[in-house]
Amino acid sequence: MAEEKIDFKSIEKKWQKAWEQNKIFEVKEDAKKKKFYVLEMFPYPSAAGLHIGHSFNYTIGDVFARFKLMQGFNVLHPMGFDSLGLPAENAAIKEKMHPEEYTDNSIKNFIKQQKTLGLTYDWDRVVNTADPEYYKWDQWIFLKMFERGLVYEKEAAVNWCPKCDTILANEQVENGRCWRHKDAEVEIKQMKQWFIKITDYADRLLEGHKKLKWPEKTIAMQKNWIGKSFGTEIDFIIDGKKWPIFTTRPDTIFGVTFMVVSSQHKKLWDLVTKKQKPEVEKFLKKLKSVSEKELAEMEKEGVFTGSYAINPATQEKVPVYAGNFVVADYGSGMVMAVPSHDQRDLEFAKKYKIPIKQVIAPVVETKEGPDAIRENLPIKKRKTVVCIVKHWKEEKYICLTWKKQGWKTFVVGGVEDNEDIVKAGIREIKEETGYQNPVFIKEIDGEFHNKFFATHKNENRWAVIKGLYFELKDSKQKEISEEEKELSELVWVEKNKVLSFLHDDESDKILWKRLNDIDEAYTDSGLLINSEQFNGINNEEAKQKITEWLMKKNLARKTINYKLRDWSVARQRYWGTPIPLIHCSKCGVVPVPEKDLPVKLPREVKFGEGNPLLTNKKWLETKCPKCKGKATREANTMDTFVNSSWYFLRYCDAKNNKEIFDKSKVKYWMPVDLYIGGAEHACMHLIYCRFYTMFLHDIGLVDFDEPAPRLFHQGMINDAKGEKMSKSKGNVIEPLETMAKYGVDTTRFFIMSEASPDKGFNWSDTGIQGSLRIINKIWNTASNMKFGKDSQELLVKLNFSIKNITEQIENLDYRKSTIELRELFDLISKQSEISKESFGKALKLLSPFCPHITEELWEKIGMNKNNKNFISLAEWPKYEEIKQKQGKEDLNDKILSNTLPIIQKISESQKIKKIYLYVMPFEIKNIDRKKIEKALGYSTEVFAVNDPNKKDPEGRAKKAIPGKPGVYVE
RNA sequence: GCGAGGGUAGCGAAGUGGUCAAACGCGACAGACUCAAAAUCUGUUGGCCUCGUGCCUUCAAAGGUUCGAAUCCUUUCCCUCGCACCA
């Protein structure tokens with residue numbers, strides 16, 4: 001066989017040029033054709049050029065776009081550049097260039113590199129956010145929001161990144177650090193700032209999730225970020241003034257023993273008494289010196305303000321503390337603290353020796369087994385003691401194993417009416433253990449309930465448990481009664497094994513933890529105690545009832561709170577969209593009139609002296625659009641996420657210089673049918689762009705409110721050792737180098753075959769050589785193939801491959817497609833001849849993955865002459881529904897050839913000839929009784945092994961087990 | 001702590017009740033070609049042997065359901081990713 005080396009480079013160039021010249025990827029709206037919009041998140045262009053993540057991202061989209069193109073869709077597959085933003089500005093400063101030049105150069109370089117990848121982009125629609133023709137519309141949308149009251153300015157604690165030299169949105173702070181500078185700790189600054197009221201859309205952002213075919217994780221992250229919680233706002237009176245307090249646990253109101261106000265609360269000083277002022281000041285000073293990061297890791301701390309709040313439920317006075325763990329702008333910035341049922345409150349209470357009051361008693365209800373509560377029987381309440389008994393010398397405790405029930409508990413028993421619980425405890429210890437000298441040490445805090453069916457007494461029991469702690473004085477022990485012996489067995493358990501011994505007895509476990517000072521607030525459900533008229537009610541029910549009770553007294557309201565904050569959009573930097581507002585000393589804040597848009601960035605500014613825009617006086621000074629008097633421009637620019645919040649709409653009509661876009665064009669192309677990008681944007685871009693779309697829907701510009709119903713996250717590509725690629729580690733794989741060495745198609749095939757695209761993978765040099773192997777094989781097969789007839793085997797395989805690959809690409813299961821392609825071409829390589837048609841189909845299946853070499857081979861086998869019939873535009877093969885035997889031996893043949901085990905054979909001299917076939921249930925449908933009867937001359941009966949629907953004559957099926965079908969001949 | 005996803009042969013990774021000792025790739029081994037190597041091709045790659053439509057042991061661990069479990073249930077262990085003082 002002749003072998004030919006593939007000249008990837010010239011093949012790539014040849015076809016990329018042909019595609020471009022014939023404009024086969026440039027699209028227009030066409031009402032007759034179904035559209036498909038494939039979009040990859042656009043890059044921010046850096047001088048470094050493409051990295052492997054880009055090529056992974058783009059290839060995933062490109063395979064899909066090519067697939068849809070071949071399926072006859074009108075495919076929109078655009079590309080653009082998110083070129084405004086801090087990184088570009090910083091990089092430009094570093095290179096001593098103007099950001100504009102830096103960006104232009106980067107974009108040129110990017111496009112050049114992207115073009116070598118053979119992607120199906122419509123280069124006629126490129127969007128560049130740094131182009132005033134683009135950001136003009138950022139400003140336009142901003143003004144629309146401003147008109148509708150969605151933009152406002154307020155003094156607030158904002159996140160300041162010292163490395164970015166600007167403030168950040170909440171979304172851009174990760175763990176107290178800047179999302180771009182993992183080494184920069186974000187500072188909290190009080191500043192007057194511009195916000196967009198994204199919180200108005202919180203509910204719709206949540207609601208919209210139902211329409212999205214997005215990774216569940218991403219939706220979960222967004223839900224978590226928006227953080228909707230239902231609760232009650234309860235008015236506490238402090239100093240005669242009403243303070244509304246948000247809580248999700250109104251059921252615990254009787255357990256409130258103190259209040260904590262955020263140390264950053266605006267009205268903090270209203271609460272601080274003269275006497276406490278120095279203390280509070282000291283505390284705040286201490287907090288000031290720590291960054292947000294440290295704050296997050298700090299212990300809960302606080303200081304008494306001197307004020308007391310009146311609990312509206314009990315009229316009790318409780319102290320108000322200022323604390324570092326309360327968020328100022330969530331709820332009302334103050335919390336009611338219930339130390340017995342909230343972990344943070346408990347820690348705080350312990351630290352400052354504040355009383356702890358239990359208001360919810362855990363209830364353990366047996367729901368399964370013989371001890372489960374019987375619904376139809378009444379329930380009998382009974383006081384019960386649980387006694388923890390310590391060894392007279394060692395660190396060991398008495399536990400019991402209940403013989404019938406399998407329970408593992410401490411000593412437990414009922415308390416008679418009017419009986420003292422300590423006496424009852426001592427009695428039970430003596431009865432159940434025989435030890436004669438238990439010494440009562442103390443009662444354990446808390447009340448617990450157990451509900452179960454007492455089989456020995458035949459009644460439902462409701463045990464109200466008190467815990468007592470005893471120590472044995474000595475080892476004196478009497479024989480216990482036979483009756484007790486049968487019930488339970490005594491076990492001495494070492495201190496550190498008690499918890500695991502008790503495995504599923506919640507109340508005993510809690511008692512044990514309390515005894516050993518393991519601080520754990522009880523946050524689960526239970527019954528109310530110490531709560532006056534609400535005692536005995538289940539706490540979930542009590543949430544409702546207590547809220548209603550307080551509402552009647554006009555002391556509470558049902559409310560909803562969100563974690564989502566308004567979007568802080570202003571940046572004190574140059575390279576962003578200027579905020580189109582003007583400050584006039586007479587008229588206040590005045591929007592720039594629409595006709596004056598865009599407000600262009602001035603070219604002449606000085607960098608490195610705070611906000612560069614403030615250095616261009618000529619630009620700053622302007623006239624007030626209202627009174628024509630002297631005024632100044634707003635010098636803040638917009639967050640770069642503004643630019644990317646609607647770019648996908650601009651692609652639909654990228655060159656429109658009259659309006660933001662032609663509505664009808666957007667109507668045709670949108671929404672994005674498949675959006676591909678990294679998961680790191682889950683709570684940033686992917687929330688903002690949904691919000692923007694909803695807003696544009698509300699002002700009547702678009703008729704949908706979700707921009708991208710289907711989203712896909714590509715995974716990370718790491719180096720061969722599984723480590724993140726980074727320049728400093730020197731383990732970066734340059735996609736362009738790899739493509740130059742192995743060919744674009746080989747690289748595409750490799751990165752699509754290495755793992756499921758959403759999982760990412762570790763780079764492997766031997767892996768890409770493997771891909772080269774199969775590409776070479778395909779090439780050589782094509783070069784040497786004799787065209788003629790197809791074998792049956794090949795037709796079957798090809799048909800299945802069409803079915804599988806079509807489904808797999810649709811599901812972005814590219815890895816499986818590459819496997820299917822390997823199998824298919826492997827089989828083709830073994831054929832002595834094949835029809836041109838079949839080979840062409842196989843090439844088409846390969847084409848989305850390896851567009852260049854398939855185009856070349858397509859031409860080679862004479863399917864494309866003079867670039868009239870590109871494979872890229874050829875029709876995707878169709879699966880033909882045909883009956884398949886799949887080459888496996890028919891079960892019927894097996895029976896006839898007697899290869900099934902014969903279970904039992906009865907003399908054939910008997911008159912009735914009948915065979916019983918025992919087969920696996922799933923095989924029943926494959927049995928052809930007539931065929932068998934005809935061939936053997938027996939009548940037949942078919943049984944599935946252990947088929948519950950058929951009576952087995954003599955239980956013979958059992959003999960057919962294990963697992964094999966059998967034939968029974970009678 | 002909470003949320004999501006995982007643990008399968010030397011490695012990567014399919015497989016969610018029966019045709020599973022488990023696709024596919026990488027690696028390894030053997031053979032062919034070659035003076036030799038690379039490339040390529042062919043075969044083997046859980047263990048055992050009487051080499052078979054054979055037996056045994058496997059899909060994190062332990063139990064369970066089932067005629068039958070990598071797949072379903074329970075418990076435990078481990079890993080990865082996200083969120084993390086939201087009252």
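Each chain gets a letter, A, B and so on, in the order its sequence line appears, and its residues count up from 1. Just so you know, these numbers use all the heavy atoms, side chains as well, and skip hydrogens, waters and symmetry mates.
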**OP:** Pick the P atom in U75(B) and in C81(B), then give their distance to the nearest Å.
**Re:** 26 Å
Original post:
Distance between the C1' atoms of U58(B) and U45(B), in whole angstroms?
Top reply: 16 Å
Original post:
Is the ring centre of Trp567(A) less than 6.0 Å from the ring centre of Phe195(A)?
Top reply: no
Original post:
Looking only at atom C1', what distance separates C73(B) and G17(B), rounded to whole Å?
Top reply: 13 Å
**OP:** Whole angstrom is fine here: how far is it from CZ in Phe750(A) over to P in A13(B)?
**Re:** 13 Å
Original post:
Which nucleotide sits closest to the side chain of Ala220(A): A87(B), G3(B), U42(B)?
Top reply: G3(B)
Original post:
On RNA chain B, nearest-nucleotide positions of Lys816(A) versus Asn762(A): which is more 5'?
Top reply: Asn762(A)
Original post:
What do you reckon, is NZ of Lys351(A) surrounded by more than 12 foreign heavy atoms closer than 6.0 Å?
Top reply: yes
Original post:
Between C11(B) atom P and Asp719(A) atom CG, what is the distance in whole Å?
Top reply: 19 Å
**OP:** Return the minimal non-hydrogen interatomic distance between Lys300(A) and Glu347(A), and the atom names on each side.
**Re:** CD-OE1, 3.6 Å
Subject >> Complementary nucleotide for C48(B) - Watson-Crick or wobble, under 3.5 Å >> reply: G54(B)
Subject >> Identity of whatever pairs with C2(B) - Watson-Crick or G-U, under 3.5 angstrom >> reply: G82(B)
Subject >> Residue Lys217(A), side-chain atoms from C-beta onward, closest of C41(B), A87(B), G3(B) >> reply: G3(B)
Original post:
Can you tell which of A23(B), A4(B), C83(B) lies closest to the side chain of Glu823(A)?
Top reply: A23(B)
Original post:
Going by atom types only, do Thr559(A) and Glu233(A) share a side-chain donor-acceptor pair under 3.5 Å?
Top reply: no
Subject >> Out of G25(B), A87(B), A14(B), whichever nucleotide has its closest atom nearest the side chain of Tyr330(A) >> reply: A87(B)
Subject >> Interatomic distance at P, A70(B) relative to C59(B), whole Å >> reply: 7 Å
Original post:
With a non-hydrogen cut-off below 4.0 angstrom, is Val260(A) in contact with a base, only sugar-phosphate, or nothing?
Top reply: nothing
Subject >> Distance, rounded to the nearest Å, where Ile778(A) contributes CD1 and U40(B) contributes C1' >> reply: 16 Å
Original post:
Is it the case that more than 12 heavy atoms not belonging to Glu680(A) sit under 6.0 Å from its CD atom?
Top reply: yes
**OP:** Please work out if Ser229(A) contacts a base, only the sugar-phosphate, or nothing of the nucleic acid, heavy-atom cut-off 4.0 Å.
**Re:** sugar-phosphate
Original post:
Are any of Arg815(A)'s side-chain N or O atoms less than 4.0 Å away from OP1 or OP2 of G25(B)?
Top reply: no
**OP:** By nearest nucleotide on RNA chain B, pick out whichever of Asn561(A) and Met221(A) is the more 5' one.
**Re:** Met221(A)
**OP:** Would you mind classifying the nucleic acid contact of Gly770(A) as base, sugar-phosphate or nothing, using non-hydrogen atoms under 4.0 angstrom?
**Re:** sugar-phosphate
**OP:** Quote, to the nearest angstrom, the C1' distance that separates G10(B) from G46(B).
**Re:** 12 Å
Original post:
When we call it a touch if two heavy atoms are under 4.0 Å apart, what does Ser764(A) touch: a base, just sugar-phosphate, or nothing?
Top reply: nothing
Subject >> Value rounded to 0.5 Å, distance of CZ in Phe246(A) from OG1 in Thr232(A) >> reply: 7.5 Å
**OP:** Name the closest nucleotide to the Asn224(A) side chain, picking from C83(B), C41(B), C85(B).
**Re:** C83(B)
**OP:** Please measure how far the P atom in U74(B) lies from the corresponding atom in G5(B), and state the result in whole Å.
**Re:** 15 Å
**OP:** Could you check which of C85(B), G27(B), A14(B) has an atom nearest any side-chain atom of Lys300(A)?
**Re:** C85(B)
Original post:
Considering only the P atoms, how many Å lie between C33(B) and G54(B), rounded to the nearest integer?
Top reply: 34 Å
Original post:
Does Lys223(A) make a side-chain N or O approach to OP1 or OP2 of C2(B) shorter than 4.0 Å?
Top reply: no
Subject >> G-U wobble or Watson-Crick pairing nucleotide for G43(B) (cut-off 3.5 Å, both distances) >> reply: C29(B)
Original post:
Counting side-chain heavy atoms from C-beta on, which of U40(B), A14(B), A87(B) comes nearest to Arg773(A)?
Top reply: U40(B)
**OP:** May I ask you to say whether Asp719(A) pairs ionically with Lys724(A), meaning some side-chain N is under 4.0 Å from a carboxylate O?
**Re:** no
Original post:
Between U71(B) and G15(B), how far is it from one C1' atom to the other, in whole Å?
Top reply: 8 Å
